[in-house]
J.: 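Handing you a structure now.
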Amino acid sequence: MSTLCPPPSPAVAKTEIALSGESPLLAATFAYWDNILGPRVRHIWAPKTEQVLLSDGEITFLANHTLNGEILRNAESGAIDVKFFVLSEKGVIIVSLIFDGNWNGDRSTYGLSIILPQTELSFYLPLHRVCVDRLTHIIRKGRIWMHKERQENVQKIILEGTERMEDQGQSIIPMLTGEVIPVMELLSSMKSHSVPEEIDIADTVLNDDDIGDSCHEGFLLNAISSHLQTCGCSVVVGSSAEKVNKIVRTLCLFLTAAERKCSRLCEAESSFKYESGLFVQGLLKDSTGSFVLPFRQVMYAPYPTTHIDVDVNTVKQMPPCHEHIYNQRRYMRSELTAFWRATSEEDMAQDTIIYTDESFTPDLNIFQDVLHRDTLVKAFLDQVFQLKPGLSLRSTFLAQFLLVLHRKALTLIKYIEDDTQKGKKPFKSLRNLKIDLDLTAEGDLNIIMALAEKIKPGLHSFIFGRPFYTSVQERDVLMTF
Amino acid sequence: MISAPDVVAFTKEEEYEEEPYNEPALPEEYSVPLFPFANQGANPWSKLSGAKFSRDFILISEFSEQVGPQPLLTIPNDTKVFGTFDLNYFSLRIMSVDYQASFVGHPPGSAYPKLNFVEDSKVVLGDSKEGAFAYVHHLTLYDLEARGFVRPFCMAYISADQHKIMQQFQELSAEFSRASECLKTGNRKAFAGELEKKLKDLDYTRTVLHTETEIQKKANDKGFYSSQAIEKANELASVEKSIIEHQDLLKQIRSYPHRKLKGCDLCPGEMEHIQDQASQASTTSNPDESADTDLYTCRPAYTPKLIKAKSTKCFDKKLKTLEELCDTEYFTQTLTQLSHIEHMFRGDLCYLLTSQIDRALLKQQHITNFLFEDFVEVDDRMVEKQESIPSKPSQDRPPSRSLEECPIPKVLISVGSYKSSVESVLIKMEQELGDEEYKEVEVTELSSFDPQENLDYLDMDMKGSISSGESIEVLGMEKSTSVLSKSDSQASLTVPLSPQVVRSKAVSHRTISEDSIEVLSTCPSEALIPDDFKASYPSAINEEESYPDGNEGAIHFQASISPPELGETEEGSMENTPSQIDSCCIGKESDGQLVLPSSPAHTHSDEDGVVSSPPQRHRQKDQGFRVDFSMENASPSSRDDSCEGFPAYELDPSHLLANRDISKTSLDNYSDTTSYVSSVASTSSDRIPSAYPAGLSSDRHKKRAGQNALKFIRQYPFAHPAIYSLLSGRTLVVLGEDEAIVRKLVTALAIFVPSYGCYAKPVKHWASSPLHIMDFQKWKLIGLQRVASPAGAGTLHALSRYSRYTSILDLDNKTLRCPLYRGTLVPRLADHRTQIKRGSTYYLHVQSMLTQLCSKAFVYTFCHHLHLPTHDKETEELLASRQASFLKLTLGLVNEDVRVVQYLAELLKLHYMQESPGTSHPMLGFDYVPSFLYKI
């Protein structure tokens, strides 16, 4: 393996990335465990800045630390473990994804890391999951690529009788670069446009004198209801940044402080691209009045999404969590399988999988009308506008509403926990649950279930597990017999 | 019958099972499982993989220079917790890397070793195969005998849930930093002590060596030094060098940057220590020196000994334990802090998250929290606020800004009229008097007031309350009474024959019936009433009740303008302090309606014949109020104490904070909840009134209360009207022989009782003496002993007398006497067919439903257009119908549910208006609505 390795530090390959805005990320690194020399850094990505905050030597030193101790690694097959460091002495935080892989015949341990200044800790933590999810998936693909390289190398060696190890060894880097740069861009955009932790209700639709002043009553009801039904995950598109951002802020009122920090406002002049994993994001339509959502990325979001168009007042939503997760995993498996089968780099372009894998025919019409009406949001909207705007009354009332939702969600979790003896038995009394917890309206149940899913991940899949396409409604009908 | 859509799921499932999605080539390790819980037995509650420990714990490990990484101790120190989990292996894993790689020792160019005060490192890592994930807090301690003087340690919070650690990272980091600071402070102290001892030893050694050298010098007359002498001289030089080195180390440890201390959250002991230092430093000439010296001075006298100059590396001897390194006091504090951490983060992440969200949201609900939230939480919030804005208590009131921009309180109270929550009687309110006017009036009144005369008129209240079968309510808020017109109040105060309500005993000879009258006499808002008037809160209706001491406050009804009947009034003696006069609404009952009696000057006759009079108040000194208040409490307690020792604490929740001893005493009465007693014993000295069992601050109490409430609902088909009584402010008396059973049920039902203030719920768990009318003002849920003896007959007699005003749940006979309930709210709250299995779950359900209810009450209370006429000509009837329409259409309330929201709204208003919320009893309400007898 050592023959395949690049020369030792400081001659580490480095890619400098030009970002339009401020980059909170200091660097990203890819390191591996050398059986002779120990931890070695393979590649560094760093934003192109005038001021060098971390020298390459320091980056290498830190990256080496991420793999220290991994000689004792004891992981399940295929596991991608996350390590998180706050090194006050160095003033940095490091997020490392550690994984095993086969590279040119040797099984070794690798680490893909991002380094941020310690001052960005509270900025980063709400985005941790987004970053980790995205890097995890690229690692899944990278691992396959590393494995395939080995086979190809062996074949080439046999066929050509030459050793072109050095060239082949580099080929995983472009793949990683393909995700590291978007992550840097995401963090950069969040730095400038993330929704503040505290939202002034005066900047939202809820400050209107009466319902319907800013937007149509039915539209607002649908938007908030669907937003809550999709676990607080929404995309707001429109032609006016101001209008989009007002709805973004309004929807963010229904999120926790951490979730707000994982939401993004719309850029005034040019549009950001869609980012998988954010809770609420505002996106500006182009000059032709359209916005293209990348299917793959929408599918890879941890929760289903509500699509809100403020120009035409439409609200569409993806299927509930268990269906979304099932679809997502199917898509992931198909993508990885297609990747495994791919014979050329062209085949491996990220969004082409649905075409290359003939056996996979996803339902592209993933956004549907909001079918289930609720009473919770409706009553809230009916009542909140009865309170005088401009005071703290509406904020207080909103907090009460959220408290009711959270308490109902916790009650629901506890109810299921009791009924199934903490998952030991299957859940079989959804109808009773709805009556007992006063969630007979389908929309109400969806909202509370969605909230519960965030608090207790996997709840949908557990309840609706095997009949994965059974909606709550269908399930309920079945259970009545 | 199963229709086509019903079988979709099954068909689809089969389809998917047949689908050729098993692309064979991709190894499973490179793929992702199709289902989140693909493994057998996996579910959202199961640990991600088979962790070998039963629950989260804390591990302290050290990188020993002798044996390498080793576990030192666990918290909790129970082998059952970590089970077969390999602590040695995990210590190796978490301590194998020195994340604090900083130089300690002799830096190049430095003559002496340098101490480097390294900052702690925090690492989150895991062992996915073992199913163990950890937050690891690395720290370095100093040890004179260690290599490089440093001993690396770490404290690890180990959990099977990786998400828990990442989601709670900042909280964990903050808490462990406290523990680490505590350890390090103790260590610096101990290290300095070690250095001083060492310096003394070296000093002593130097003296000895010096003496020996001198002796040798003197003994040596050969003109040259012997090898022995040279050796001694070298040794002396080494000692000298060592002294300088150690002095330098001592100086370094003493000069530990104070800015670091300031920047950290320190443990309490540490803070005290630092404060002590500061105070001592201020008294000394050299503060810096003294502060440091004090912290690091070795306390007990130390006898120096002869040592070798060269420092001995201790490979061959035992290293100091963590306790020795950190000073026992600090070590103990650290362990306490770690235990606190373990307790704080114990359990399922979902409960941790929701409790954090809960807390954050509750902070935004100052207005409604007092109704149903736990006292501890509310109190915490209040303390927090007091700390944060001590100089601006008014900011506690939610929309402080809004008070200027939009005077909500005025909207609700100060404006002309107030509509009774029940149909019949309107009570007119008029503009508030200015302070000066009030004061003038008071002086006059004090001089001219004749208690006896007043009593005579007041006694008229209670007679002539003839049953009509109609519902009649008089609702008078004292708060509202402050809005008197000048002329009215002056007249009423100068003329003693006014329809004032005097706090005295009253006699009632109602001749009926199944009807009840509601008198809501609320306490005044201190915000609207001049200080001198803040005295006359306690008010009650007295009926045929004799008071032992005549100090009881009461409201007198005057049901007709008929002259006083002495025979009826003889029991109703005046209050001792004539100035203690409460206000109330006085109605005259005529043709089935109450009509206000009084001189014409104070009576407003409506066209429909309903006469209402603004409640009036008389001046009373604050002191007088307090005295009276305590006496008032003394009275019922004297009655009660004949059978049991329920002193002021239980008699008046607002006294909870005032009298610790009493609180403690009363706690013994809750001996059925042992944990409660013990918890109170520990907290009774501070402000958190967890003493109150209905506060249900502990999960165990919540669970128990929920379970018993659930039993009650399932056992008694008439649970709904009983709960309705509690929610609508009608006192429910639980009558029974067995104290334990009664107490249990009262504790259970207490979850439905709205509180008056932040401190205690108006619940009396057990009373064994006859109830007094005052009790119904103070308590909304009362456990009452049924005594078979003749003495007990009095209790039952008293109860039957008030039965029209209260709901009575007879546990022995399984009956309930209370008004009819036909709403939809309570059935959703308490459905006897519910499949909820556990008390804790039911408690959560009740909590969420009550929060929803509070929300409705909040909207109703603060709806900006609902309590004011939209135009000048809008009559009260129209206003009332608008309110009724709002309650029905906007809030979706039907029938009696309206009463519940109205009652909660009254409490909200009162609470909002008070400067010291919860310090008084809000209202005394009686319903003149037919009661029904329910039987199983």
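Chain A is the first sequence line, chain B the second, and so forth, proteins listed ahead of strands; every chain is numbered from 1.
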J.: Could you walk me through whether B:Trp45 and A:Lys424 satisfy the side-chain contact (heavy atoms from CB on, under 4.5 Å) test, starting with their C-alpha distance in whole Å, then the side-chain angles of each, then the deciding distance to 0.1 Å, before giving a yes or no?
T.: CA-CA 9 Å; B:Trp45 291 271; A:Lys424 292 189 184 76; over 6 Å; no

J.: Do A:Asp436 side-chain atoms and B:Gln835 backbone N/O form a donor-acceptor pair below 3.5 Å?
T.: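 Flag set: sc A:Asp436 to bb B:Gln835 pair under 3.5 Å.
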
J.: Below 4.5 Å from any heavy atom of chain B, which atoms of A:Ala379 appear? Answer side chain, backbone, both or neither.
T.: neither

J.: When heavy-atom pairs shorter than 4.5 Å are enumerated against chain B, which of A:Leu402, A:Leu121, A:Leu410 gives the highest number?
T.: A:Leu410

J.: Report the option among A:Ile93, A:Asp100, A:Asp81 that has the most heavy-atom pairs separated by less than 4.5 Å from atoms of chain B.
T.: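 Between A:Ile93, A:Asp100, A:Asp81, the count favours A:Asp81.
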
J.: To the nearest 0.5 Å, how far apart are CG in B:Leu844 and OG1 in A:Thr411?
T.: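 Between B:Leu844 CG and A:Thr411 OG1, I get 4.5 Å after rounding to 0.5 Å.
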
J.: Would you mind telling me which of A:Tyr415, A:Phe84, A:Phe401 has the largest number of heavy-atom pairs within less than 4.5 Å of chain B?
T.: A:Phe84

J.: State, with a plain yes or no, whether a side-chain heavy atom of B:His163 is found less than 4.5 Å away from one of A:Pro457.
T.: no

J.: Please classify the contact of B:Phe886 with chain A as side chain, backbone, both or neither, using a heavy-atom distance under 4.5 Å.
T.: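 Contact with chain A involves the side chain of B:Phe886 alone.
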
J.: Whether the side chain of A:Arg329 engages the backbone of B:Pro33 through a donor-acceptor N/O pair (distance < 3.5 Å, no angle test) should be reported.
T.: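 Yes: the side chain of A:Arg329 pairs with the backbone of B:Pro33.
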
J.: Determine whether B:Thr834 and A:Ile435 make a side-chain contact, defined as any pair of heavy atoms from C-beta on separated by less than 4.5 Å.
T.: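 They are not in contact (no side-chain heavy atoms under 4.5 Å apart), so the answer is no.
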
J.: Mind checking the CZ-OG1 spacing from A:Arg407 to B:Thr851? Nearest 0.5 Å is all I need.
T.: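 With rounding to 0.5 Å, CZ (A:Arg407) is 4.0 Å from OG1 (B:Thr851).
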
J.: What residue in B:His865, B:Lys856, B:Arg833 has the most heavy-atom pairs under 4.5 Å with chain A?
T.: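 Max contact count across the listed options: B:His865.
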
J.: For A:Ile413 and B:Cys350, work out which heavy atoms get closest and say how close.
T.: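 Reported closest heavy-atom pair: CG2-SG, 4.2 Å.
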
J.: Which answer fits B:Ile357, side chain, backbone, both or neither, if we ask what part of it has an atom under 4.5 Å from a heavy atom of chain A?
T.: side chain

J.: If you tally heavy-atom pairs under 4.5 Å against chain A, which of B:Ser173, B:Pro44, B:Ser31 wins?
T.: B:Pro44

J.: Would you say the side chains of B:Thr890 and A:Asp382 form a donor-acceptor pair under 3.5 Å?
T.: no

J.: Could you have a look at B:His845, B:Met849, B:Lys837, B:Glu28 and say which one has the most heavy-atom pairs with chain A under 4.5 angstrom?
T.: B:His845

J.: Side-chain donor-acceptor pair under 3.5 Å between A:Gln400 and B:Thr368, yes or no?
T.: yes

J.: Heavy-atom distances under 4.5 Å only: say whether B:Phe169 touches chain A with side chain, backbone, both or neither.
T.: side chain

J.: Run the salt bridge (Lys or Arg N to Asp or Glu O under 4.0 Å) test on A:Arg107 and B:Glu29 for me, step by step, so that the C-alpha distance in whole Å, both residues' side-chain angles and the decisive distance to 0.1 Å come before the verdict.
T.: CA-CA 13 Å; A:Arg107 189 171 183 82; B:Glu29 69 170 301; 3.5 Å; yes

J.: To the nearest 0.5 Å, what is the distance between NZ (A:Lys425) and CG (B:Asn43)?
T.: 13.5 Å

J.: Drop me the distance from A:Thr396's OG1 to B:Gln364's CD, to the nearest 0.5 angstrom.
T.: 7.5 Å

J.: If you measure from CG on A:Leu439 to CZ on B:Arg828, what distance do you get to the nearest 0.5 Å?
T.: 11.0 Å

J.: In Å, rounded to the nearest 0.5 Å, how long is the span from CZ of B:Phe862 to CG of A:Leu391?
T.: 10.5 Å

J.: Measure distances from A:Ser96 to the heavy atoms of chain B and classify the residue's part below 4.5 Å as side chain, backbone, both or neither.
T.: neither

J.: If you define the side chain from C-beta out and look only at heavy atoms, does anything of A:Arg333 sit under 4.5 Å from B:Leu34?
T.: yes

J.: Is any side-chain heavy atom of B:Phe133 less than 4.5 Å from a side-chain heavy atom of A:Val82?
T.: no

J.: Start with the C-alpha distance between A:Ile144 and B:Leu26, add both sets of side-chain angles, then the distance that settles side-chain contact (heavy atoms from CB on, under 4.5 Å), and finish with yes or no.
T.: CA-CA 9 Å; A:Ile144 293 174; B:Leu26 181 65; 3.7 Å; yes

J.: Please state whether the side chain, the backbone, both or neither of B:Leu92 comes within less than 4.5 Å of a heavy atom of chain A.
T.: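 Both backbone and side chain.
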
J.: With distance as the sole test, does A:Ser88 use its side chain to make a donor-acceptor pair with the main-chain N or O of B:Asp120 at under 3.5 Å?
T.: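 Present.
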
J.: Do the ring planes of A:Phe397 and B:Phe858 sit parallel (below 30°), tilted (30 to 60°) or perpendicular (above 60°)?
T.: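 The rings of A:Phe397 and B:Phe858 lie parallel, inter-plane angle below 30°.
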
J.: Between A:Leu336 and B:Val32, which heavy-atom pair has the shortest distance, and what is it?
T.: CD1-N, 4.5 Å

J.: Is A:Leu376 in contact with chain B via its backbone, its side chain, both, or neither, using a 4.5 Å heavy-atom distance?
T.: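 Side chain only.
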
J.: For residues A:Lys456 and B:Asp348, determine if any side-chain heavy atom of one lies less than 4.5 Å from a side-chain heavy atom of the other.
T.: yes

J.: Indicate yes or no: at least one non-hydrogen side-chain atom of A:Phe380 is less than 4.5 angstrom from one of B:Ser855.
T.: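 Not in contact.
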
J.: Go through the atoms of B:Leu891 and report whether side chain, backbone, both or neither lie under 4.5 Å from a heavy atom of chain A.
T.: both

J.: Would you say the side chain of B:Tyr30 lies within less than 4.5 Å of the side chain of A:Thr337, judging by non-hydrogen atoms?
T.: no

J.: Looking at A:Ile80, A:Thr256, A:Leu125, A:Leu412, which makes the most heavy-atom pairs under 4.5 Å with chain B?
T.: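 Option with the greatest count: A:Leu125.
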
J.: What part of B:Gln167 lies closer than 4.5 angstrom to a heavy atom of chain A: side chain, backbone, both or neither?
T.: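 Interface part for B:Gln167: neither.
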
J.: For B:Tyr135, is it the side chain, the backbone, both, or neither that has a heavy atom closer than 4.5 Å to a heavy atom of chain A?
T.: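 For B:Tyr135, neither part sits under 4.5 Å from chain A.
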
J.: Hey, mind stepping through A:Leu437 and B:Ile836 against side-chain contact (heavy atoms from CB on, under 4.5 Å) and telling me if it holds?
T.: CA-CA 9 Å; A:Leu437 303 186; B:Ile836 293 176; 4.1 Å; yes

J.: Can you tell me which of A:Glu417, A:Lys454, A:His128, A:Arg129 forms the most heavy-atom pairs within a distance under 4.5 Å of chain B?
T.: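 Looking at each option in turn, the highest pair count goes to A:Glu417.
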
J.: Given the rule in the side-chain contact (heavy atoms from CB on, under 4.5 Å) test, do A:Phe85 and B:Ser121 qualify, once you have shown the distances and angles that lead to the verdict?
T.: CA-CA 7 Å; A:Phe85 306 83; B:Ser121 295; over 6 Å; no

J.: With a 4.5 angstrom heavy-atom cut-off, is it the side chain or the backbone of A:Ser395 that approaches chain B, or both, or neither?
T.: backbone

J.: Evaluate the side-chain proximity of B:Tyr860 to A:Gln386: yes if any heavy-atom separation is below 4.5 Å, no if none is.
T.: no

